[in-house]
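Given the structure is predicted, the values throughout are model-derived calculations rather than measurements.
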Amino acid sequence: MRLQPVLFAVMLSACASRGSVFFTSPTARVDPSSPSTDYGTAHPFLFMDSAQDGRWLLSCQARTDTDGNGRIQIFFGNHGEIFGDAVRMYLFLEPGAGIPIDALLATDPTGRFLALVRNGTLLLLDLETREEKELASKVATDPASPEPPVRASFSRDGRQLLFLRPEGSRSVAVVRDLREGTERVLDAGRGRIEQAVLTPSGHWAVLDLVEDDDPEQPWTQQNPMFANNAGCLGPVLSSSSFSGHGGTSIRRFRRVDGGPFVQGNDVLHPLGRGMLRRAPDSSIVFEDAEGRRETWVPASCDAKLLHVDEARQQVLVACNTRQIMVPLELHGARVHQSLGWQTTLATLMSRGTDSGRDGRLVFTEVESKTQPNTWLTLVIDMERRTAQPLPPRTLVTSLGALALLQEVRSRPEDTWTQRLWLWNAETQEQSVVSESEDFGQYKAGDTVLIMDKWIDLRTGRVLGEVEHAPMAIDTWGRALRPSPSSVVERGKPLIGPVRWEPALKAPIPTPPAPLKAP
């Protein structure tokens with residue numbers, strides 16, 4: 001049996017008690033104008049993740065000849081599995097060799113805290129003070145699972161942490177108030193908790209459990225081919241998925257501030273302190289924390305829920321009219337609006353919906369009103385409650401009313417290039433931002449590096465050009481690259497350390513105005 005991972009359309013002050021010191025040195029102030037010194041050692045180096053502001057790095061390195069062949073080297077399989085010498089995960093809070101850890105479980109969206117496992121101990125690390133707080137001991141990580149269960153998660157405001165604490169042969173779900181340093185154990189009911197996720201609002205814990213008598217193996221033992229630390233994965237050239245059989249999976253929702261847990265097929269989606277549920281007549285109702293219910297989507301729609309807009313208290317649905325073509329509508333406490341476009345349930349099943357980081361623009365596939373059997377990408381502006389076809393290009397990303405679109409163009413010599421457009425959903429203005437054969441995408445905060453251009457998604461402004469694709473970028477305008485001493489060979493793992501360096505090309509100086517004759 002394999003539990004399905006938690007997927008939501010809209011998701012994922014110092015502690016009162018002081019702990020031991022993780023690193024004694026304070027966080028150094030970043031100087032984006034000059035390169036940093038090296039992170040890591042002169043061994044195979046796999047970059048895994050980094051902070052938005054670059055204050056920490058996560059990598060995997062093989063530093064010991066564990067297979068005894070006289071060399072320290074690793075090789076990648078098609079699915080990202082690693083062969084050769086054993087790799088370890090390292091966390092870097094400053095240049096140097098880093099510190100080995102078992103796993104990084106969760107990162108605080110505000111950038112202050114990390115939840116990590118080191119030597120079997122779950123720790124809360126405060127990046128501002130460099131203090132750590134022990135949360136649990138005898139914590140097992142998941143070296144045999146390419147998709148380990150979620151064992152810790154932060155609320156969007158960084159004030160709460162939900163984590164699993166081992167107690168005997170099972171785990172309990174604990175919510176920690178990061179301002180007060182207090183903890184509360186959540187009653188999950190019968191069964192073994194395998195996964196726990198805190199909703200971004202911090203109001204609900206989502207708990208995935210299996211029955212106590214379930215004969216199936218837990219998630220941590222289902223993929224032995226990834227025994228070389230699945231937290232460290234190489235490039236994935238091919239992938240596959242499967243669903244297990246047998247056993248019974250249970251999903252329960254529990255309010256962090258108390259009350260009974262909620263479960264059942266009628267539970268649709270948490271929304272703030274309330275919950276969207278399916279009523280017996282097929283309407284969708286919003287149930288508040290006190291149990292009061294209000295109908296949002298009428299029974300006549302028999303709605304399929306597509307997108308939950310928590311910020312604006314509304315939902316996007318497709319009404320199952322028993323016809324091939326189904327209409328799209330917006331509903332809420334005071335919103336009942338047809339968007340005037342139709343799609344099919346099969347299309348929704350295969351392509352679904354997509355949305356920007358802030359959830360304002362939602363994208364889905366609909367049939368053209370003028371050309372039957374022709375499909376368009378529809379952009380739904382949840383702020384203005386309008387819908388319009390996207391220009392004939394592919395969505396890259398969006399924020400607010402701005403979207404970056406990709407257009408593939410052929411050349412006379414039978415080669416291809418890609419053009420990047422900036423499109424404003426409010427004004428319909430569009431402009432070419434870049435044209436390139438490369439399409440690597442890197443994000444840091446509200447900025448994105450794509451097709452050699454560093455773009456501020458809030459304003460649509462191009463901040464500058466970046467030569468050569470980096471490993472990562474940060475909000476200081478830096479790029480993570482191999483150090484000058486590193487060995488870089490195409491198709492082989494990087495050998496050696498990395499460092500941050502200024503990413504943008506120096507601006508071209510404006511020539512002085514010519515002197516006028518006296």
Inspect the contact between D266 and R277 and indicate whether a charged nitrogen and a carboxylate oxygen are less than 4.0 angstrom apart. yes
Q342/Q323 under side chain to side chain donor-acceptor pair (under 3.5 Å): CA gap, chis, key distance, verdict: CA-CA 11 Å; Q342 298 185 107; Q323 303 295 320; over 6 Å; no
Pairing of E501 and R478 as salt bridge, 4.0 angstrom limit: no
Indicate whether the side chain of T347 and that of W375 have a donor and an acceptor atom separated by less than 3.5 Å. no
Contact check, side chains of L58 and I101, non-hydrogen atoms, under 4.5 Å: yes
How far apart are the C-alpha atoms of V262 and R254, what are their side-chain angles, what is the distance that settles it, and do they pass the side-chain contact (heavy atoms from CB on, under 4.5 Å) test? CA-CA 6 Å; V262 179; R254 191 175 192 92; over 6 Å; no
What do the steps show when you test L345 against N320 for side-chain contact (heavy atoms from CB on, under 4.5 Å), and what is the final call? CA-CA 8 Å; L345 294 178; N320 187 2; 3.8 Å; yes
Using a strict threshold of under 4.0 Å (side-chain N to carboxylate O), is an ion pair present between D302 and R322? yes
Consider only side-chain N and O atoms of K453 and S436, and report whether a donor and an acceptor are under 3.5 Å apart. no
Just do the salt bridge (charged side-chain N to carboxylate O under 4.0 Å, His left out) check on R55 and D474 with the steps written out, would you? CA-CA 9 Å; R55 76 166 73 182; D474 71 4; over 6 Å; no
Distance check, rounded to the nearest 0.5 Å: D309 atom CG versus S355 atom OG? 9.0 Å
Any V206 side-chain heavy atom under 4.5 Å of R251 side chain: yes
Restricting to pairs with a member in residues 375-396, which pass salt bridge (charged side-chain N to carboxylate O under 4.0 Å, His left out), not counting sequence neighbours? R312-E383, R360-D381, D381-R384, R393-E407
Check: R278 side chain, S282 main-chain N or O, donor-acceptor pair, under 3.5 Å: yes
Begin from the C-alpha positions of I455 and T447 and carry the test side-chain contact (heavy atoms from CB on, under 4.5 Å) through to its verdict. CA-CA 5 Å; I455 303 167; T447 66; over 6 Å; no
So, are R273 and D257 salt-bridged, with charged N and O less than 4.0 Å apart? yes
Look at the aromatic rings of F154 and F113 and report parallel, tilted or perpendicular, splitting at 30° and 60°. parallel
Will you find, in the side chains of Q314 and Q337, an N or O donor that is under 3.5 Å from an N or O acceptor? no
Can you see whether E365 engages T377 through a side-chain donor-acceptor pair at a distance of less than 3.5 angstrom? yes
Looking at every non-hydrogen atom in both residues, tell me the closest pair between R190 and L209 and how far apart they are. O-CD2, 3.7 Å
Applying side-chain contact (heavy atoms from CB on, under 4.5 Å) to S153 and V197, what does each step give before you reach the verdict? CA-CA 6 Å; S153 57; V197 175; 4.3 Å; yes
Side chains of residues 45-52: which donor-acceptor partners sit under 3.5 Å, not counting sequence neighbours?
{"from": "Q52", "atom 1": "OE1", "to": "G445", "atom 2": "N", "distance (Å)": "2.3"}

Among side-chain atoms of Q418 and Q406, is any donor-acceptor pair under 3.5 angstrom? yes
